[in-house]
2 protein chains.
Amino acid sequence: MSENSQFTKNSVEPYYGYSIPINEFFRCALSVDCTIIGYDKGDLKILLIKRGAEPFKGQWALPGDLMYPYENLDQAAERVLSHLTGLEDVYMDQVKVFGEVNRHPVGRVITVGYYSLVNIQDYKPKASAWAHQLDWHLVDELPELAFDHNQIVTAALTVLKERIWKDEIGFELLPEKFTLGQIQALWETILQEKFDKANFRKKLLSSQSLIPLNENQQNVSHRPAKLYALCNKDK
Amino acid sequence: MSENSQFTKNSVEPYYGYSIPINEFFRCALSVDCTIIGYDKGDLKILLIKRGAEPFKGQWALPGDLMYPYENLDQAAERVLSHLTGLEDVYMDQVKVFGEVNRHPVGRVITVGYYSLVNIQDYKPKASAWAHQLDWHLVDELPELAFDHNQIVTAALTVLKERIWKDEIGFELLPEKFTLGQIQALWETILQEKFDKANFRKKLLSSQSLIPLNENQQNVSHRPAKLYALCNKDK
DNA sequence: AATACTTATGGTATTATGTACCATAATGTT
DNA sequence: AACATTATGGTACATAATACCATAAGTATT
């Protein structure tokens with residue numbers, strides 16, 4: 001793409017004459033920043049990296065990277081995620097674009113916020129020089145992050161809350177087989193709201209998106225719950 | 001910003017060594033494309049321009065423009081809108097980013113889709129060389145648009161539908177004083193769904209977001225309806 | 001002037017959905 | 001065996017959604 005970057009003014013069809021040379025428009029970089037959400041023993045956590053270089057050296061930040069010229073945006077986000085967590089085919093979606101002029105100190109970098117839901121058990125940190133700079137942080141106790149990353153996290157969590165009932169997401173954070181109690185605890189954590197247990201069951205089961213398995217919970221000191229699996233998302 | 005574009009590899013903190021020079025990342029342009037929605041005699045319409053230059057010369061397209069180096073994304077979108085319609089302070093929001101590698105034939109242009117709701121009566125096309133290339137098109141009869149603009153329109157309409165009940169938007173498409181019948185007809189057009197008149201009234205009035213005025217419809221050949229105005233959005 | 005026609009508006013009955021709460025079941029622990 | 005704990009099924013009640021009817025208030029027609 002960079003080979004044919006010989007733009008002429010007319011080739012991009014402005015409404016009126018541009019006041020600066022057309023090449024000046026082609027000086028932006030795109031980045032993706034991923035809010036990677038996990039769930040561990042009742043707590044929501046987010047995967048952060050510690051920056052090893054300026055700007056914001058030593059500060060915690062969302063994992064992210066510049067988009068390569070040959071990459072689609074979604075591919076860049078998947079690359080960041082799989083490189084950091086070793087996970088593929090993970091639930092992932094756009095949150096919002098952050099395009100403030102001065103959001104990045106070294107140049108015009110526009111970032112696209114993504115969020116993804118991962119099962120923290122499946123996650124195996126890549127054995128690399130970066131591993132020691134990676135850590136899960138409690139959502140409620142996030143440090144001050146580099147750039148506008150706190151804003152991105154907030155936006156991601158808002159989107160998650162909005163979508164949870166409508167799209168019935170969140171199961172990605174749980175093991176493949178789970179109990180109704182586990183989903184309820186998870187949704188209560190995400191939405192910061194308590195539900196009546198019996199009613200929650202009814203509502204969720206009536207949606208037909210869960211498959212009851214012929215298996216029960218093991219090694220619990222009370223009546224074991226039936227295990228369920230998620231239906232293939234068809235709608 | 002373009003003055004200090006002397007990036008070193010470390011200044012952007014990659015997870016691992018980049019396989020291309022850092023400057024290659026800073027060759028993108030950002031654009032905004034606006035789905036400007038209006039409502040005219042029961043029909044939803046979208047403002048399109050006819051492209052006067054390659055690529056896609058002669059084809060209809062969403063109004064949009066490149067983002068200037070000194071502009072925030074939202075500012076660019078507002079600029080496009082006000083330049084084309086003369087309107088300011090209009091309802092406007094991000095829809096989605098479109099970042100496919102080859103979406104723009106002349107270079108790497110990532111576009112941010114916006115949508116806005118305007119009162120088509122207030123709209124006065126700017127008297128300019130561009131005026132004759134501007135036109136409102138019925139949503140149901142859109143031509144094939146340049147680039148991926150049909151996708152953007154579809155995404156914008158989807159977002160509008162999702163938000164209409166939750167955020168009670170759409171009034172922006174109507175005159176300042178309107179009847180309940182008018183809102184209902186509008187929402188029915190947008191959502192492609194019929195509602196019971198009496199129930200729709202109750203539901204909408206119970207939300208407390210409308211102010212009943214001491215005025216009635218004029219010059220209608222039936223019982224005139226009471227006029228309402230929109231409450232200051234406080235929540 | 002009376003009648004027909006059209007849309008607005010208020011109301012009620014019915015149905016569906018959401019909520020509170022209780023009873024019993026099934027397991028491990030003491 | 002009694003108890004603690006969570007699961008699960010069920011019922012009673014409250015609230016919201018829906019269907020539908022009756023009347024009101026205008027214009028147009030006869």
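Letters A, B, ... mirror the listed sequences (proteins, then strands); counts begin at 1.
- Using a 3.5 Å distance cut-off with no hydrogens or angles, the side chains of A/Gln217 and A/Thr179 do not pair a donor with an acceptor.
- Taking the centre and axis of the six-membered ring of A/Phe195, the NZ or CZ atom of A/Lys197 falls outside the cone set by 45° and 6.0 Å.
- Residue A/Lys197 has no polar side-chain atom (N or O) positioned under 4.0 Å from OP1 or OP2 of D/dT6.
- Taking atom CZ on A/Phe200 and atom C1' on C/dC21, their separation rounds to 19 Å, with Å as the unit.
- Between the side chain of A/Asn216 and the base of C/dA26 there is no donor-acceptor pair of N/O atoms closer than 3.5 Å.
- Along DNA chain C, the nucleotide closest to A/Asn219 and the one closest to A/Lys203 are compared, and the more 5′ of them pairs with A/Lys203.
- When the options B/Phe178, B/Tyr228, B/Tyr39, B/Tyr91 are evaluated for a ring pair (Phe, Tyr, Trp, His ring centres under 6.0 Å) with B/Phe171, the one that passes is B/Phe178.
- Side-chain atoms of A/Lys202 come within donor-acceptor range of the base of D/dT11, with a qualifying N/O pair under 3.5 Å.
- The residue among B/Ala198 and A/Arg223 whose nearest nucleotide of DNA chain C is located toward the 5' end is B/Ala198.
- In terms of phosphate contacts, B/Arg201 brings a side-chain nitrogen or oxygen within less than 4.0 Å of OP1 or OP2 of C/dG10.
- Both tests hold for A/Lys203 against A/Trp165: distance to the six-membered ring centre under 6.0 Å, angle to the ring axis within 45°.
- Between the side chain of A/Asn199 and the base of C/dA20, a donor-acceptor pair under 3.5 Å is found.
- Atom P of nucleotide D/dA7 and atom CD of A/Gln184 are separated by 8 Å, given to the nearest angstrom.
- In this structure, B/Leu180 atom CG and D/dA24 atom P are separated by 20 Å, rounded to whole Å.
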